[in-house]
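Below: one structure in C-alpha coordinates.
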Protein chains: 2
Amino acid sequence: MKQSDRDRAVRLLWDPPAESSRGPKAALSQSRVVEAAMKVADAEGVEALTMRRVAETLGSTAMALYRHVPGKSELLDLMVDAAWGETERAPKGPWREGLEFYARQLWQMYRAHPWILQLPHARRTPGPRTMASFDSALAVVSDLGLSAEEMVAVVTAVGHFVDGVGRTMADRVKAERETGVSEEAWWDGQDALWAHFTPDRLPMMVHVWNSGGYERPLDEFEFGLARVLDGLAVFIEAEERPAVRRETCL
Amino acid sequence: MKQSDRDRAVRLLWDPPAESSRGPKAALSQSRVVEAAMKVADAEGVEALTMRRVAETLGSTAMALYRHVPGKSELLDLMVDAAWGETERAPKGPWREGLEFYARQLWQMYRAHPWILQLPHARRTPGPRTMASFDSALAVVSDLGLSAEEMVAVVTAVGHFVDGVGRTMADRVKAERETGVSEEAWWDGQDALWAHFTPDRLPMMVHVWNSGGYERPLDEFEFGLARVLDGLAVFIEAEERPAVRRETCL
DNA sequence: ACGCTAGGTGTACGTTGTACACGGTTTTAG
DNA sequence: CTAAAACCGTGTACAACGTACACCTAGCGT
(Lines give C-alpha, C1' and ligand atoms only; values in the text may rest on other atoms or scores of the structure.)
Protein backbone atom coordinates (compact mmCIF):
# COMPACT_ATOMS: atom_id res chain seq x y z
CA MET A 1 0.00 0.00 0.00
CA LYS A 2 1.35 3.36 -0.99
CA GLN A 3 1.41 6.50 1.11
CA SER A 4 -1.24 8.05 -1.11
CA ASP A 5 -3.55 5.12 -0.47
CA ARG A 6 -3.09 5.47 3.26
CA ASP A 7 -3.83 9.16 3.22
CA ARG A 8 -6.87 8.54 1.09
CA ALA A 9 -8.10 5.94 3.57
CA VAL A 10 -7.65 8.41 6.41
CA ARG A 11 -9.58 11.12 4.57
CA LEU A 12 -12.28 8.65 3.73
CA LEU A 13 -12.84 7.78 7.37
CA TRP A 14 -12.19 11.03 9.15
CA ASP A 15 -13.36 13.72 6.73
CA PRO A 16 -17.02 13.40 5.81
CA PRO A 17 -17.38 13.26 2.02
CA ALA A 18 -18.52 16.50 0.42
CA GLU A 19 -21.37 16.06 -2.00
CA SER A 20 -21.04 17.53 -5.45
CA SER A 21 -23.65 19.58 -7.24
CA ARG A 22 -22.80 18.87 -10.83
CA GLY A 23 -23.82 15.81 -12.76
CA PRO A 24 -26.89 13.61 -12.54
CA LYS A 25 -28.56 13.01 -9.20
CA ALA A 26 -26.82 10.13 -7.51
CA ALA A 27 -28.96 7.06 -6.98
CA LEU A 28 -26.33 5.72 -4.59
CA SER A 29 -24.24 7.31 -1.86
CA GLN A 30 -21.33 6.21 0.25
CA SER A 31 -23.47 5.57 3.28
CA ARG A 32 -26.05 3.64 1.27
CA VAL A 33 -23.30 1.44 -0.11
CA VAL A 34 -21.84 0.85 3.33
CA GLU A 35 -25.25 0.05 4.81
CA ALA A 36 -26.07 -2.36 2.02
CA ALA A 37 -22.71 -4.05 2.37
CA MET A 38 -23.22 -4.50 6.11
CA LYS A 39 -26.64 -6.02 5.53
CA VAL A 40 -25.22 -8.48 3.05
CA ALA A 41 -22.37 -9.42 5.37
CA ASP A 42 -24.70 -9.77 8.37
CA ALA A 43 -27.14 -11.98 6.53
CA GLU A 44 -24.96 -13.96 4.17
CA GLY A 45 -21.48 -13.80 5.60
CA VAL A 46 -18.27 -12.18 4.53
CA GLU A 47 -17.72 -14.63 1.69
CA ALA A 48 -20.97 -13.47 0.10
CA LEU A 49 -19.81 -9.88 0.35
CA THR A 50 -18.90 -9.29 -3.27
CA MET A 51 -19.16 -6.06 -5.14
CA ARG A 52 -21.66 -7.66 -7.48
CA ARG A 53 -23.84 -8.89 -4.61
CA VAL A 54 -23.87 -5.53 -2.84
CA ALA A 55 -24.71 -3.79 -6.10
CA GLU A 56 -27.50 -6.26 -6.71
CA THR A 57 -29.21 -5.46 -3.41
CA LEU A 58 -29.05 -1.81 -4.39
CA GLY A 59 -30.51 -2.48 -7.83
CA SER A 60 -27.27 -1.37 -9.42
CA THR A 61 -24.14 -2.81 -10.97
CA ALA A 62 -20.79 -3.66 -9.45
CA MET A 63 -18.93 -0.87 -11.15
CA ALA A 64 -21.37 1.76 -9.91
CA LEU A 65 -20.09 1.22 -6.37
CA TYR A 66 -16.68 2.48 -7.37
CA ARG A 67 -18.12 5.95 -7.77
CA HIS A 68 -18.77 6.07 -4.04
CA VAL A 69 -16.06 3.88 -2.55
CA PRO A 70 -12.48 3.61 -3.81
CA GLY A 71 -12.35 -0.17 -3.57
CA LYS A 72 -13.37 -3.15 -1.55
CA SER A 73 -10.64 -2.69 1.03
CA GLU A 74 -11.80 0.82 1.85
CA LEU A 75 -15.39 -0.36 1.91
CA LEU A 76 -14.38 -2.78 4.65
CA ASP A 77 -12.72 0.05 6.59
CA LEU A 78 -15.96 1.99 6.45
CA MET A 79 -18.04 -1.01 7.48
CA VAL A 80 -15.87 -1.71 10.50
CA ASP A 81 -15.99 1.86 11.71
CA ALA A 82 -19.74 1.93 11.21
CA ALA A 83 -20.06 -1.15 13.38
CA TRP A 84 -18.03 0.50 16.14
CA GLY A 85 -20.33 3.46 15.81
CA GLU A 86 -23.18 1.28 17.02
CA THR A 87 -21.45 0.58 20.34
CA GLU A 88 -21.93 2.72 23.43
CA ARG A 89 -19.04 4.34 25.27
CA ALA A 90 -18.03 2.83 28.56
CA PRO A 91 -19.34 4.97 31.44
CA LYS A 92 -17.25 6.57 34.14
CA GLY A 93 -17.35 4.68 37.41
CA PRO A 94 -15.68 1.69 39.06
CA TRP A 95 -13.10 0.16 36.76
CA ARG A 96 -14.56 -3.32 36.89
CA GLU A 97 -18.02 -2.27 35.79
CA GLY A 98 -16.53 -0.09 33.11
CA LEU A 99 -14.33 -2.82 31.65
CA GLU A 100 -17.18 -5.29 31.82
CA PHE A 101 -19.36 -2.82 29.96
CA TYR A 102 -16.67 -2.40 27.33
CA ALA A 103 -16.33 -6.16 26.95
CA ARG A 104 -20.08 -6.58 26.58
CA GLN A 105 -20.25 -3.84 23.98
CA LEU A 106 -17.50 -5.61 22.03
CA TRP A 107 -19.29 -8.92 22.37
CA GLN A 108 -22.57 -7.42 21.23
CA MET A 109 -20.88 -5.89 18.21
CA TYR A 110 -19.33 -9.22 17.29
CA ARG A 111 -22.64 -10.99 17.64
CA ALA A 112 -24.38 -8.45 15.45
CA HIS A 113 -21.57 -8.35 12.89
CA PRO A 114 -19.54 -11.55 13.12
CA TRP A 115 -17.85 -10.78 9.81
CA ILE A 116 -15.65 -8.26 11.60
CA LEU A 117 -13.72 -11.12 13.13
CA GLN A 118 -13.03 -12.68 9.77
CA LEU A 119 -11.47 -9.54 8.40
CA PRO A 120 -7.78 -8.76 8.75
CA HIS A 121 -7.40 -6.43 11.67
CA ALA A 122 -3.83 -5.20 11.60
CA ARG A 123 -3.08 -2.11 9.52
CA ARG A 124 -6.71 -1.30 9.12
CA THR A 125 -6.90 2.46 9.36
CA PRO A 126 -8.88 3.13 12.54
CA GLY A 127 -11.87 5.38 12.10
CA PRO A 128 -13.22 8.02 14.48
CA ARG A 129 -15.86 5.79 15.99
CA THR A 130 -13.39 2.95 16.56
CA MET A 131 -11.03 5.29 18.34
CA ALA A 132 -13.78 6.89 20.41
CA SER A 133 -14.72 3.52 21.82
CA PHE A 134 -11.14 2.65 22.65
CA ASP A 135 -10.68 6.06 24.23
CA SER A 136 -13.65 5.46 26.50
CA ALA A 137 -12.16 2.17 27.62
CA LEU A 138 -8.87 3.86 28.46
CA ALA A 139 -10.76 6.43 30.49
CA VAL A 140 -12.18 3.63 32.62
CA VAL A 141 -8.73 2.63 33.87
CA SER A 142 -7.23 6.10 33.97
CA ASP A 143 -7.52 6.77 37.70
CA LEU A 144 -6.01 3.61 39.12
CA GLY A 145 -2.40 4.68 39.35
CA LEU A 146 -1.45 2.57 36.36
CA SER A 147 1.28 3.60 34.00
CA ALA A 148 0.30 4.44 30.45
CA GLU A 149 1.65 1.11 29.19
CA GLU A 150 -0.32 -0.74 31.82
CA MET A 151 -3.54 1.03 30.91
CA VAL A 152 -3.12 -0.02 27.31
CA ALA A 153 -2.23 -3.57 28.34
CA VAL A 154 -5.29 -3.91 30.56
CA VAL A 155 -7.71 -2.74 27.89
CA THR A 156 -6.14 -4.84 25.14
CA ALA A 157 -6.14 -7.92 27.38
CA VAL A 158 -9.90 -7.65 27.64
CA GLY A 159 -10.09 -7.08 23.91
CA HIS A 160 -8.00 -10.14 23.13
CA PHE A 161 -10.16 -12.39 25.23
CA VAL A 162 -13.37 -11.15 23.61
CA ASP A 163 -11.74 -11.50 20.20
CA GLY A 164 -10.94 -15.10 21.00
CA VAL A 165 -14.41 -16.14 22.11
CA GLY A 166 -15.89 -14.00 19.39
CA ARG A 167 -13.99 -15.76 16.69
CA THR A 168 -15.17 -19.15 17.88
CA MET A 169 -18.72 -17.84 17.99
CA ALA A 170 -18.44 -16.26 14.55
CA ASP A 171 -17.15 -19.50 13.07
CA ARG A 172 -20.09 -21.36 14.51
CA VAL A 173 -22.60 -18.84 13.19
CA LYS A 174 -20.99 -19.05 9.79
CA ALA A 175 -21.02 -22.83 9.75
CA GLU A 176 -24.67 -22.94 10.77
CA ARG A 177 -25.65 -20.49 8.08
CA GLU A 178 -23.70 -22.26 5.37
CA THR A 179 -24.75 -25.79 6.19
CA GLY A 180 -28.14 -25.18 7.73
CA VAL A 181 -27.16 -27.70 10.40
CA SER A 182 -27.09 -26.67 14.03
CA GLU A 183 -23.93 -27.12 16.05
CA GLU A 184 -25.52 -29.83 18.14
CA ALA A 185 -26.85 -31.77 15.17
CA TRP A 186 -23.46 -31.59 13.55
CA TRP A 187 -21.64 -33.22 16.44
CA ASP A 188 -24.42 -35.74 16.85
CA GLY A 189 -23.79 -36.88 13.32
CA GLN A 190 -20.12 -37.52 13.94
CA ASP A 191 -20.40 -41.18 14.90
CA ALA A 192 -17.41 -42.09 12.81
CA LEU A 193 -15.38 -39.63 14.85
CA TRP A 194 -16.63 -40.72 18.28
CA ALA A 195 -15.57 -44.26 17.45
CA HIS A 196 -11.97 -43.06 17.61
CA PHE A 197 -12.33 -41.43 21.03
CA THR A 198 -11.22 -44.41 23.06
CA PRO A 199 -10.13 -44.34 26.71
CA ASP A 200 -6.63 -45.53 25.88
CA ARG A 201 -6.09 -42.73 23.39
CA LEU A 202 -8.00 -39.89 25.02
CA PRO A 203 -8.62 -40.83 28.65
CA MET A 204 -9.56 -37.40 29.95
CA MET A 205 -11.71 -36.55 26.97
CA VAL A 206 -13.72 -39.73 27.38
CA HIS A 207 -14.02 -39.21 31.10
CA VAL A 208 -15.21 -35.65 30.69
CA TRP A 209 -17.64 -36.71 28.03
CA ASN A 210 -19.08 -39.49 30.13
CA SER A 211 -19.42 -37.11 33.07
CA GLY A 212 -21.67 -34.96 30.93
CA GLY A 213 -19.11 -32.21 30.48
CA TYR A 214 -20.59 -31.33 27.12
CA GLU A 215 -24.25 -31.60 27.94
CA ARG A 216 -24.62 -28.30 29.76
CA PRO A 217 -21.48 -26.40 28.88
CA LEU A 218 -20.74 -23.20 30.75
CA ASP A 219 -21.20 -20.04 28.76
CA GLU A 220 -17.77 -19.42 27.32
CA PHE A 221 -18.07 -15.66 27.25
CA GLU A 222 -19.52 -15.23 30.73
CA PHE A 223 -17.16 -17.68 32.35
CA GLY A 224 -14.05 -16.35 30.67
CA LEU A 225 -14.93 -12.70 31.18
CA ALA A 226 -15.39 -13.23 34.92
CA ARG A 227 -11.99 -14.94 35.12
CA VAL A 228 -10.24 -12.23 33.12
CA LEU A 229 -11.71 -9.48 35.27
CA ASP A 230 -10.73 -11.40 38.41
CA GLY A 231 -7.21 -11.63 37.08
CA LEU A 232 -7.09 -7.93 36.28
CA ALA A 233 -8.38 -7.21 39.78
CA VAL A 234 -5.44 -9.08 41.24
CA PHE A 235 -3.14 -6.91 39.17
CA ILE A 236 -4.87 -3.60 39.68
CA GLU A 237 -5.46 -3.98 43.38
CA ALA A 238 -1.99 -5.31 44.18
CA GLU A 239 0.15 -3.21 46.48
CA GLU A 240 3.16 -3.43 44.26
CA ARG A 241 2.81 -4.36 40.67
CA PRO A 242 5.30 -6.69 39.04
CA ALA A 243 7.25 -5.10 36.22
CA VAL A 244 6.28 -7.23 33.24
CA ARG A 245 8.03 -5.01 30.81
CA ARG A 246 9.67 -6.24 27.65
CA GLU A 247 10.27 -5.09 24.15
CA THR A 248 7.31 -5.58 21.84
CA CYS A 249 6.46 -9.22 21.55
CA LEU A 250 6.73 -9.20 17.82
CA MET B 1 -21.23 -30.97 3.57
CA LYS B 2 -22.71 -34.40 3.25
CA GLN B 3 -22.41 -37.25 5.71
CA SER B 4 -20.14 -39.10 3.31
CA ASP B 5 -17.77 -36.14 3.20
CA ARG B 6 -17.64 -36.05 6.98
CA ASP B 7 -16.87 -39.73 7.27
CA ARG B 8 -14.22 -39.40 4.63
CA ALA B 9 -12.64 -36.52 6.52
CA VAL B 10 -12.60 -38.64 9.68
CA ARG B 11 -10.97 -41.57 7.92
CA LEU B 12 -8.46 -39.26 6.34
CA LEU B 13 -7.32 -37.95 9.70
CA TRP B 14 -7.66 -40.97 11.96
CA ASP B 15 -6.86 -43.94 9.72
CA PRO B 16 -3.38 -43.74 8.23
CA PRO B 17 -3.67 -44.02 4.45
CA ALA B 18 -2.85 -47.46 3.11
CA GLU B 19 -0.43 -47.36 0.26
CA SER B 20 -1.41 -49.16 -2.87
CA SER B 21 0.79 -51.59 -4.70
CA ARG B 22 -0.62 -51.33 -8.17
CA GLY B 23 0.14 -48.61 -10.62
CA PRO B 24 3.22 -46.48 -11.23
CA LYS B 25 5.41 -45.44 -8.33
CA ALA B 26 3.95 -42.30 -6.85
CA ALA B 27 6.16 -39.25 -7.09
CA LEU B 28 3.99 -37.57 -4.46
CA SER B 29 2.42 -38.75 -1.24
CA GLN B 30 -0.10 -37.36 1.17
CA SER B 31 2.51 -36.38 3.71
CA ARG B 32 4.69 -34.75 1.07
CA VAL B 33 1.73 -32.70 -0.09
CA VAL B 34 0.86 -31.67 3.46
CA GLU B 35 4.46 -30.74 4.24
CA ALA B 36 4.79 -28.69 1.08
CA ALA B 37 1.52 -26.93 1.77
CA MET B 38 2.63 -26.05 5.29
CA LYS B 39 5.89 -24.65 3.99
CA VAL B 40 4.06 -22.50 1.48
CA ALA B 41 1.62 -21.24 4.11
CA ASP B 42 4.41 -20.56 6.61
CA ALA B 43 6.50 -18.62 4.14
CA GLU B 44 3.95 -16.92 1.95
CA GLY B 45 0.74 -16.86 3.94
CA VAL B 46 -2.56 -18.56 3.62
CA GLU B 47 -3.61 -16.47 0.64
CA ALA B 48 -0.66 -17.85 -1.33
CA LEU B 49 -1.73 -21.37 -0.46
CA THR B 50 -3.22 -22.38 -3.79
CA MET B 51 -3.23 -25.83 -5.24
CA ARG B 52 -1.16 -24.57 -8.15
CA ARG B 53 1.43 -23.02 -5.84
CA VAL B 54 1.79 -26.13 -3.71
CA ALA B 55 2.10 -28.27 -6.81
CA GLU B 56 4.73 -25.94 -8.17
CA THR B 57 6.96 -26.34 -5.12
CA LEU B 58 6.68 -30.10 -5.62
CA GLY B 59 7.54 -29.85 -9.32
CA SER B 60 4.12 -31.11 -10.20
CA THR B 61 0.75 -29.84 -11.37
CA ALA B 62 -2.32 -28.80 -9.44
CA MET B 63 -4.40 -31.77 -10.44
CA ALA B 64 -1.77 -34.25 -9.33
CA LEU B 65 -2.43 -33.23 -5.72
CA TYR B 66 -5.96 -34.56 -5.97
CA ARG B 67 -4.58 -38.08 -6.16
CA HIS B 68 -3.33 -37.73 -2.61
CA VAL B 69 -5.77 -35.36 -0.98
CA PRO B 70 -9.52 -35.21 -1.66
CA GLY B 71 -9.63 -31.41 -1.89
CA LYS B 72 -8.33 -28.22 -0.43
CA SER B 73 -10.60 -28.34 2.60
CA GLU B 74 -9.29 -31.73 3.65
CA LEU B 75 -5.75 -30.60 2.97
CA LEU B 76 -6.31 -27.83 5.51
CA ASP B 77 -7.61 -30.39 8.03
CA LEU B 78 -4.43 -32.36 7.61
CA MET B 79 -2.23 -29.29 7.90
CA VAL B 80 -3.88 -28.21 11.13
CA ASP B 81 -3.54 -31.61 12.73
CA ALA B 82 0.08 -31.79 11.62
CA ALA B 83 0.74 -28.46 13.34
CA TRP B 84 -0.82 -29.75 16.56
CA GLY B 85 1.43 -32.75 16.23
CA GLU B 86 4.41 -30.46 16.67
CA THR B 87 3.27 -29.37 20.11
CA GLU B 88 4.25 -31.12 23.31
CA ARG B 89 1.70 -32.47 25.76
CA ALA B 90 1.23 -30.58 28.98
CA PRO B 91 3.02 -32.38 31.83
CA LYS B 92 1.42 -33.63 35.02
CA GLY B 93 2.03 -31.38 37.97
CA PRO B 94 0.62 -28.22 39.52
CA TRP B 95 -2.32 -26.91 37.49
CA ARG B 96 -0.90 -23.47 36.96
CA GLU B 97 2.36 -24.69 35.46
CA GLY B 98 0.44 -27.15 33.33
CA LEU B 99 -1.96 -24.58 31.93
CA GLU B 100 0.84 -22.14 31.36
CA PHE B 101 2.72 -24.83 29.47
CA TYR B 102 -0.36 -25.54 27.38
CA ALA B 103 -0.79 -21.84 26.62
CA ARG B 104 2.85 -21.50 25.60
CA GLN B 105 2.61 -24.52 23.33
CA LEU B 106 -0.42 -22.97 21.67
CA TRP B 107 1.36 -19.67 21.33
CA GLN B 108 4.43 -21.33 19.85
CA MET B 109 2.27 -23.19 17.35
CA TYR B 110 0.57 -19.97 16.31
CA ARG B 111 3.88 -18.21 15.90
CA ALA B 112 5.26 -21.01 13.77
CA HIS B 113 2.06 -21.38 11.72
CA PRO B 114 0.08 -18.16 11.91
CA TRP B 115 -2.12 -19.29 9.03
CA ILE B 116 -3.99 -21.57 11.45
CA LEU B 117 -5.66 -18.52 12.92
CA GLN B 118 -6.90 -17.37 9.56
CA LEU B 119 -8.64 -20.64 8.85
CA PRO B 120 -12.23 -21.32 9.88
CA HIS B 121 -12.10 -23.26 13.09
CA ALA B 122 -15.65 -24.48 13.72
CA ARG B 123 -16.69 -27.77 12.18
CA ARG B 124 -13.15 -28.67 11.31
CA THR B 125 -12.89 -32.37 11.95
CA PRO B 126 -10.41 -32.68 14.84
CA GLY B 127 -7.51 -35.00 14.20
CA PRO B 128 -5.79 -37.34 16.63
CA ARG B 129 -2.94 -34.99 17.41
CA THR B 130 -5.30 -32.08 18.03
CA MET B 131 -7.33 -34.17 20.42
CA ALA B 132 -4.27 -35.55 22.18
CA SER B 133 -3.14 -32.05 23.00
CA PHE B 134 -6.55 -31.05 24.29
CA ASP B 135 -6.71 -34.24 26.33
CA SER B 136 -3.42 -33.43 28.00
CA ALA B 137 -4.73 -30.00 28.93
CA LEU B 138 -7.82 -31.53 30.49
CA ALA B 139 -5.61 -33.86 32.49
CA VAL B 140 -3.88 -30.85 34.01
CA VAL B 141 -7.08 -29.68 35.67
CA SER B 142 -8.52 -33.08 36.42
CA ASP B 143 -7.60 -33.30 40.10
CA LEU B 144 -8.92 -30.01 41.37
CA GLY B 145 -12.42 -31.00 42.28
CA LEU B 146 -13.85 -29.24 39.28
CA SER B 147 -16.93 -30.50 37.52
CA ALA B 148 -16.54 -31.77 33.99
CA GLU B 149 -18.11 -28.60 32.58
CA GLU B 150 -15.74 -26.48 34.63
CA MET B 151 -12.71 -28.38 33.42
CA VAL B 152 -13.71 -27.75 29.84
CA ALA B 153 -14.46 -24.11 30.57
CA VAL B 154 -11.09 -23.53 32.20
CA VAL B 155 -9.12 -25.03 29.33
CA THR B 156 -11.13 -23.25 26.64
CA ALA B 157 -10.80 -19.94 28.47
CA VAL B 158 -7.04 -20.22 28.15
CA GLY B 159 -7.46 -21.21 24.53
CA HIS B 160 -9.67 -18.25 23.75
CA PHE B 161 -7.22 -15.80 25.19
CA VAL B 162 -4.30 -17.25 23.24
CA ASP B 163 -6.46 -17.29 20.11
CA GLY B 164 -7.17 -13.61 20.61
CA VAL B 165 -3.56 -12.48 21.01
CA GLY B 166 -2.54 -14.93 18.34
CA ARG B 167 -4.87 -13.49 15.79
CA THR B 168 -3.54 -10.00 16.37
CA MET B 169 -0.01 -11.32 16.06
CA ALA B 170 -0.84 -13.28 12.92
CA ASP B 171 -2.39 -10.24 11.30
CA ARG B 172 0.73 -8.24 12.01
CA VAL B 173 3.02 -10.92 10.60
CA LYS B 174 0.89 -11.11 7.50
CA ALA B 175 0.85 -7.36 7.02
CA GLU B 176 4.61 -7.15 7.41
CA ARG B 177 5.18 -9.91 4.90
CA GLU B 178 2.80 -8.46 2.36
CA THR B 179 3.91 -4.86 2.56
CA GLY B 180 7.53 -5.29 3.59
CA VAL B 181 6.95 -2.47 6.06
CA SER B 182 7.48 -3.06 9.77
CA GLU B 183 4.70 -2.37 12.21
CA GLU B 184 6.58 0.57 13.67
CA ALA B 185 7.38 2.12 10.32
CA TRP B 186 3.77 1.79 9.30
CA TRP B 187 2.43 3.76 12.23
CA ASP B 188 5.20 6.30 11.89
CA GLY B 189 4.00 7.02 8.40
CA GLN B 190 0.47 7.76 9.53
CA ASP B 191 0.88 11.51 9.98
CA ALA B 192 -2.44 12.18 8.30
CA LEU B 193 -4.07 10.00 10.93
CA TRP B 194 -2.30 11.48 13.95
CA ALA B 195 -3.52 14.88 12.88
CA HIS B 196 -7.02 13.76 13.77
CA PHE B 197 -6.09 12.56 17.26
CA THR B 198 -6.89 15.77 19.08
CA PRO B 199 -7.36 16.13 22.85
CA ASP B 200 -10.96 17.22 22.48
CA ARG B 201 -11.87 14.17 20.46
CA LEU B 202 -9.69 11.51 22.07
CA PRO B 203 -8.48 12.87 25.41
CA MET B 204 -7.31 9.60 26.93
CA MET B 205 -5.67 8.40 23.77
CA VAL B 206 -3.66 11.59 23.47
CA HIS B 207 -2.74 11.49 27.13
CA VAL B 208 -1.59 7.90 26.95
CA TRP B 209 0.35 8.61 23.83
CA ASN B 210 2.08 11.63 25.34
CA SER B 211 2.92 9.61 28.44
CA GLY B 212 4.82 7.19 26.23
CA GLY B 213 2.25 4.42 26.53
CA TYR B 214 3.18 3.15 23.12
CA GLU B 215 6.92 3.49 23.31
CA ARG B 216 7.61 0.41 25.42
CA PRO B 217 4.41 -1.56 25.29
CA LEU B 218 4.01 -4.51 27.61
CA ASP B 219 4.17 -7.89 25.94
CA GLU B 220 0.56 -8.64 25.16
CA PHE B 221 0.88 -12.38 25.49
CA GLU B 222 2.89 -12.41 28.72
CA PHE B 223 0.81 -9.77 30.41
CA GLY B 224 -2.52 -11.26 29.43
CA LEU B 225 -1.54 -14.82 30.22
CA ALA B 226 -0.48 -13.87 33.74
CA ARG B 227 -3.83 -12.12 34.29
CA VAL B 228 -5.85 -15.02 32.93
CA LEU B 229 -4.02 -17.51 35.12
CA ASP B 230 -4.49 -15.23 38.13
CA GLY B 231 -8.18 -15.13 37.38
CA LEU B 232 -8.40 -18.87 37.05
CA ALA B 233 -6.55 -19.21 40.34
CA VAL B 234 -9.22 -17.14 42.04
CA PHE B 235 -11.82 -19.51 40.65
CA ILE B 236 -9.98 -22.76 41.26
CA GLU B 237 -8.80 -21.95 44.72
CA ALA B 238 -12.11 -20.53 45.90
CA GLU B 239 -13.82 -22.34 48.76
CA GLU B 240 -17.17 -22.35 47.04
CA ARG B 241 -17.42 -21.84 43.36
CA PRO B 242 -20.16 -19.67 41.89
CA ALA B 243 -22.56 -21.53 39.62
CA VAL B 244 -22.06 -19.80 36.29
CA ARG B 245 -24.19 -22.23 34.40
CA ARG B 246 -26.31 -21.33 31.41
CA GLU B 247 -27.48 -22.86 28.21
CA THR B 248 -24.91 -22.71 25.44
CA CYS B 249 -24.11 -19.16 24.59
CA LEU B 250 -24.94 -19.64 20.99
C1' DA C 1 -27.58 26.92 -25.18
C1' DC C 2 -23.39 24.66 -24.48
C1' DG C 3 -19.87 22.13 -22.22
C1' DC C 4 -17.92 20.27 -18.15
C1' DT C 5 -18.48 17.09 -14.58
C1' DA C 6 -19.99 13.20 -12.32
C1' DG C 7 -23.01 8.72 -12.15
C1' DG C 8 -23.84 4.40 -14.06
C1' DT C 9 -23.02 0.31 -17.63
C1' DG C 10 -20.69 -3.35 -20.34
C1' DT C 11 -16.73 -5.70 -21.47
C1' DA C 12 -12.50 -7.85 -20.44
C1' DC C 13 -8.47 -9.99 -17.79
C1' DG C 14 -6.05 -12.82 -14.67
C1' DT C 15 -6.65 -16.03 -10.67
C1' DT C 16 -9.12 -19.44 -7.90
C1' DG C 17 -10.80 -24.65 -6.90
C1' DT C 18 -11.80 -28.58 -9.25
C1' DA C 19 -14.68 -31.74 -12.80
C1' DC C 20 -13.60 -34.51 -16.68
C1' DA C 21 -11.27 -37.01 -20.22
C1' DC C 22 -7.00 -38.82 -21.43
C1' DG C 23 -2.37 -41.35 -21.64
C1' DG C 24 1.27 -43.75 -19.45
C1' DT C 25 2.98 -47.30 -15.88
C1' DT C 26 3.00 -50.96 -12.84
C1' DT C 27 1.13 -55.12 -10.57
C1' DT C 28 -1.90 -58.94 -10.70
C1' DA C 29 -4.92 -62.69 -12.94
C1' DG C 30 -5.25 -66.20 -16.27
C1' DC D 1 3.67 -64.43 -21.02
C1' DT D 2 -0.10 -61.76 -22.07
C1' DA D 3 -4.16 -59.02 -20.94
C1' DA D 4 -6.63 -56.52 -17.71
C1' DA D 5 -7.16 -53.77 -13.98
C1' DA D 6 -5.66 -50.20 -11.02
C1' DC D 7 -3.45 -46.18 -10.33
C1' DC D 8 -0.54 -41.65 -11.28
C1' DG D 9 -0.04 -37.42 -13.50
C1' DT D 10 -1.54 -33.79 -17.36
C1' DG D 11 -4.37 -30.54 -20.04
C1' DT D 12 -8.43 -28.25 -20.78
C1' DA D 13 -12.46 -25.93 -19.21
C1' DC D 14 -15.82 -23.25 -16.17
C1' DA D 15 -17.85 -19.97 -13.09
C1' DA D 16 -16.91 -16.36 -9.76
C1' DC D 17 -13.87 -12.79 -7.92
C1' DG D 18 -12.00 -7.56 -7.94
C1' DT D 19 -11.46 -3.96 -10.87
C1' DA D 20 -9.21 -1.25 -15.19
C1' DC D 21 -11.01 0.95 -19.15
C1' DA D 22 -13.98 2.97 -22.49
C1' DC D 23 -18.37 4.59 -23.04
C1' DC D 24 -23.09 6.92 -22.61
C1' DT D 25 -26.07 10.12 -20.27
C1' DA D 26 -28.06 13.58 -17.07
C1' DG D 27 -27.84 17.89 -15.07
C1' DC D 28 -25.57 22.39 -13.17
C1' DG D 29 -22.64 26.68 -14.11
C1' DT D 30 -21.53 29.71 -17.45
Side-chain angles (χ1 to χ4, degrees), chain A residues 1-2 4-5 8-9 12 17-34 36-37 40-41 44-79 115 118-120 178, chain B residues 1-2 4-5 8-9 12 17-34 36-37 40-41 44-79 115 118-120 178:
Chain A
M1 193 186 290
K2 299 183 294 289
S4 60
D5 291 339
R8 188 184 54 180
L12 194 68
E19 50 194 274
S20 61
S21 57
R22 286 257 254 269
K25 268 177 289 183
L28 271 41
S29 70
Q30 186 175 102
S31 56
R32 288 231 307 145
V33 171
V34 172
V40 169
E44 303 168 40
V46 71
E47 62 285 333
L49 185 74
T50 69
M51 300 305 264
R52 288 170 174 83
R53 181 81 190 91
V54 174
E56 196 186 336
T57 70
L58 289 165
S60 181
T61 67
M63 292 314 292
L65 306 183
Y66 287 85
R67 294 281 169 194
H68 305 275
V69 149
K72 190 174 185 180
S73 165
E74 290 84 354
L75 173 56
L76 294 174
D77 287 345
L78 289 165
M79 291 168 66
W115 43 266
Q118 291 170 249
L119 263 32
E178 283 172 3
Chain B
M1 194 184 291
K2 297 183 296 289
S4 59
D5 289 340
R8 187 184 55 180
L12 193 70
E19 50 194 273
S20 59
S21 58
R22 288 257 254 268
K25 269 176 290 183
L28 271 39
S29 70
Q30 185 175 104
S31 57
R32 290 232 305 145
V33 171
V34 173
V40 169
E44 303 168 40
V46 71
E47 62 286 332
L49 184 73
T50 69
M51 299 304 264
R52 288 168 175 83
R53 180 82 190 91
V54 173
E56 196 185 337
T57 69
L58 289 164
S60 181
T61 68
M63 291 314 293
L65 305 184
Y66 286 86
R67 294 281 169 196
H68 306 275
V69 148
K72 190 175 184 181
S73 166
E74 290 84 354
L75 173 56
L76 294 174
D77 287 345
L78 290 165
M79 290 167 67
W115 42 267
Q118 291 169 248
L119 263 32
E178 282 172 2

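A note on names: the letters A, B, ... follow the listed sequences, proteins ahead of strands, and every chain is numbered from 1. These numbers were taken from a predicted model, which means no experiment stands behind them.
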Using atom CD of B:E44 as one end and atom P of C:dT16 as the other, report the distance to the nearest whole Å.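 Distance, rounded to whole Å: 12 Å.
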
Can you check whether B:R32 reaches B:H68 side chain to side chain, under 4.5 Å on heavy atoms? no

Contact summary for A:A48 and A:V40, nearest pair of heavy atoms: O-CG1, 3.8 Å

Reading nucleotides 6-16 of chain D from 5' to 3' and marking B where a protein heavy atom lies under 4.0 Å of the base, S where only the sugar-phosphate is that close, and - otherwise, the string is SBBBBB-B---

Which whole-number value in Å describes the distance from A:Y66 OH to D:dA20 C1'?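 From A:Y66 OH to D:dA20 C1': 10 Å.
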
Do the side chains of B:L75 and B:M51 get nearer than 4.5 Å, heavy atoms only? yes

Output the rounded distance in Å from CD (B:E47) to C1' (D:dG18).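 That distance rounds to 16 Å.
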
Under a 4.5 Å cut-off applied to non-hydrogen side-chain atoms, are A:M79 and A:L119 in contact?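 No, their side chains stay 4.5 Å or more apart.
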
Take atom CD of B:E74 and atom P of C:dG17, then tell me their distance rounded to the nearest Å.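 Rounded to whole Å, this separation is 13 Å.
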
Could you give me the CA-CA distance, side-chain angles and deciding distance for A:V69 and A:L78, then say whether side-chain contact (heavy atoms from CB on, under 4.5 Å) is met? CA-CA 9 Å; A:V69 149; A:L78 289 165; 4.1 Å; yes

Tell me the interatomic distance from A:E56, atom CD, to C:dT9, atom P, rounded to whole angstroms.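 Computing the A:E56:CD to C:dT9:P distance gives 13 Å.
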
Tell me what A:L49 touches on the nucleic acid: a base, only sugar-phosphate, or nothing, going by heavy atoms under 4.0 Å.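 Sugar-phosphate: the residue A:L49, judged by heavy atoms under 4.0 Å, touches backbone atoms but no base.
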
Could you state the interatomic distance from CG (A:L65) to CD (A:Q30), rounded to the nearest 0.5 Å? 11.5 Å

